[in-house]
Colleague: 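Handing you a structure now.
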Amino acid sequence: MMLSGRLGPGALAGLWGLLLLLNLGCAVRASEITFELPDNAKQCFYEEIMQGVKCTLEFQVITGGHYDVDCRLEDPDGIVLYKEMKKQYDSFTFTASRNGTYKFCFSNEFSTFTHKTVYFDFQVGDDPPLFPSENRVTALTQMESACVSIHEALKSVIDHQTHFRLREAQGRSRAEDLNTRVAYWSIGEAIILLVVSIGQVFLLKSFFSDKRTTTTRVGS
């Protein structure tokens, strides 16, 4: 049996659906950044958003101190939409009330010595449908449904992988910090043990050392 070199209308529609699936990421703006936040520092980011667009801000502190930062989100008029102090992680969803530049800042100004590593994901807009909304009865309806299911599954996999990577990085940071503390504690114990041993040697030596007394004769 030989396969034809030409594709029928149904197969072409399926290929268009797969192309839409692959290019879907271009329709939604998303900023996913991991950055260093020094001590006594503040970092702000800006995003142009149209009115009525749904947005989601999600952040998590990966390393540093008590794994907490201050977060603040403002609209173009400076009205505070979200504000949290010393949060390790959080998520906030809002709908833009007006056109303009929205600002969100992360602050580590309350920390004097430790710097932080912060991850955030700022998504603007919703995913558009993979296929037109009109009702069509074709042989590829099942393929289109499969494409939608695969797309949703891939989104879930990507989200889980991101969270697992963040947890792995945070766990590795905690383990390295604990390892450093254990190493310093071991060195301190070794120094104390050495000092105590030397002190005991000198103390025992003083117990068994000969004490010579000098006798002075007084002539008559």
Side-chain angles (χ1 to χ4, degrees), residues 21-130 150-178 180:
L21 177 64
L22 294 175
N23 295 327
L24 180 64
C26 299
V28 180
R29 289 183 299 167
S31 300
E32 191 173 359
I33 298 176
T34 301
F35 66 98
E36 294 285 338
L37 186 61
D39 53 280
N40 293 316
K42 182 179 180 181
Q43 183 70 44
C44 293
F45 301 87
Y46 303 84
E47 184 73 26
E48 288 285 342
I49 305 175
M50 303 298 293
Q51 183 179 1
V53 176
K54 184 179 179 181
C55 307
T56 300
L57 172 63
E58 182 178 1
F59 69 92
Q60 179 175 345
V61 182
I62 302 176
T63 62
H66 296 287
Y67 301 89
D68 53 354
V69 292
D70 297 341
C71 184
R72 182 186 181 100
L73 173 65
E74 299 179 359
D75 68 359
D77 295 331
I79 300 175
V80 179
L81 303 177
Y82 171 84
K83 180 180 180 181
E84 289 292 340
M85 310 294 290
K86 296 184 178 181
K87 294 286 290 187
Q88 295 183 353
Y89 58 89
D90 202 3
S91 178
F92 176 69
T93 301
F94 68 98
T95 301
S97 59
R98 64 194 66 218
N99 300 335
T101 302
Y102 287 73
K103 179 177 72 172
F104 56 99
C105 301
F106 298 95
S107 174
N108 193 31
E109 295 175 330
F110 58 87
S111 180
T112 308
F113 301 104
T114 58
H115 72 280
K116 312 289 176 61
T117 302
V118 183
Y119 161 87
F120 76 85
D121 181 14
F122 192 74
Q123 297 182 358
V124 180
D126 294 325
D127 291 343
L130 291 178
I150 292 173
H151 171 64
E152 295 298 330
L154 288 176
K155 285 173 56 180
S156 178
V157 168
I158 291 173
D159 290 339
H160 280 83
Q161 286 181 338
T162 300
H163 288 293
F164 284 142
R165 282 196 295 267
L166 293 176
R167 290 180 182 178
E168 188 273 335
Q170 192 176 61
R172 183 174 65 251
S173 175
R174 292 179 184 270
E176 291 175 352
D177 182 57
L178 179 61
T180 302

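A quick note: this is a predicted structure, and the numbers were derived from the prediction, not measured.
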Colleague: Are Phe104 and Phe120 near enough that their ring centres are under 6.0 Å apart?
Modeller: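 Yes: the rings meet the under 6.0 Å criterion.
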Colleague: Parallel, tilted or perpendicular for Phe35 and Phe106, by the 30°/60° rule?
Modeller: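 Ring orientation of Phe35 relative to Phe106: tilted.
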Colleague: Hey, mind stepping through Val118 and Gln43 against side chain to side chain contact (heavy atoms under 4.5 Å, CB included) and telling me if it holds?
Modeller: CA-CA 10 Å; Val118 183; Gln43 183 70 44; over 6 Å; no
Colleague: Take the SG atom of Cys44, take the SG atom of Cys105, and say whether they are under 2.5 Å apart.
Modeller: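 Taking the criterion (SG atoms under 2.5 Å apart), Cys105 and Cys44 satisfy it, so yes.
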Colleague: Calculate, to the nearest 0.5 Å, the distance between atoms CG and CD belonging to Asp70 and Glu84 respectively.
Modeller: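 These two atoms lie 9.5 Å from each other.
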Colleague: Compare every heavy atom of Ile33 with every heavy atom of Phe45, then report the nearest pair and how far apart it is.
Modeller: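 For Phe45 and Ile33, the tightest heavy-atom pair comes out as CE2-CD1, 4.4 Å.
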Colleague: Could you report the tightest heavy-atom contact between Gln88 and Tyr67, atom names first, then the distance?
Modeller: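 Smallest interatomic distance, heavy atoms only, reads CG-O, 2.8 Å.
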Colleague: Can you name the ring pair (Phe, Tyr, Trp, His ring centres under 6.0 Å) partners of Tyr102, sequence neighbours left out?
Modeller: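 Counting only residues at least two positions away or on another chain, Tyr102 forms a ring pair (Phe, Tyr, Trp, His ring centres under 6.0 Å) with Phe94.
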Colleague: Using a cut-off of 6.0 Å, state whether more than 12 heavy atoms not belonging to Tyr89 lie near its atom OH.
Modeller: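 Atom OH in Tyr89 is not crowded, with 12 or fewer foreign heavy atoms closer than 6.0 Å.
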Colleague: From Gln123 CD over to Cys55 SG, what is the distance, rounded to the nearest 0.5 angstrom?
Modeller: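 Rounded to the nearest 0.5 Å, the CD-SG separation comes to 9.5 Å.
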Colleague: Working to the nearest 0.5 Å, report the span between CD of Glu58 and CG of Asp90.
Modeller: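 Result: 9.0 Å between the selected atoms.
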Colleague: Using 0.5 Å steps for rounding, measure from the OG atom of Ser111 to the CG atom of Leu37.
Modeller: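 Rounded to the nearest 0.5 Å, the OG-CG separation comes to 9.0 Å.
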Colleague: So, does Lys116 use its side chain to make a donor-acceptor pair with the main chain of Asp68 at under 3.5 Å?
Modeller: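 Checked: pair present.
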Colleague: Any heavy-atom pair between the side chains of Pro76 and Arg98 that's under 4.5 Å?
Modeller: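 Sidechains of Pro76 and Arg98: in contact.
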Colleague: For residues Arg72 and Val80, report the shortest heavy-atom separation together with the two atoms involved.
Modeller: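 Of all heavy-atom pairs spanning Arg72 and Val80, the closest is NH2-CG2, 3.0 Å.
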Colleague: Measuring from atom NZ of Lys54 to atom CD1 of Ile49, what distance do you get when rounded to the nearest 0.5 angstrom?
Modeller: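 Atom-to-atom, Lys54:NZ and Ile49:CD1 are 13.5 Å apart.
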Colleague: How many angstroms lie between atom CG of Asn99 and atom CG of Asp75, to the nearest 0.5 angstrom?
Modeller: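 Those atoms lie 12.0 Å apart.
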Colleague: Quick one, Thr93 and Thr56 - any side-chain contact, counting heavy atoms below 4.5 Å?
Modeller: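 In contact.
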Colleague: Report yes or no: does Asn108 contribute a side-chain atom to a donor-acceptor pair with the main-chain N or O of Ala41 at less than 3.5 Å?
Modeller: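 No, Asn108 side chain to Ala41 backbone: no donor-acceptor pair under 3.5 Å.
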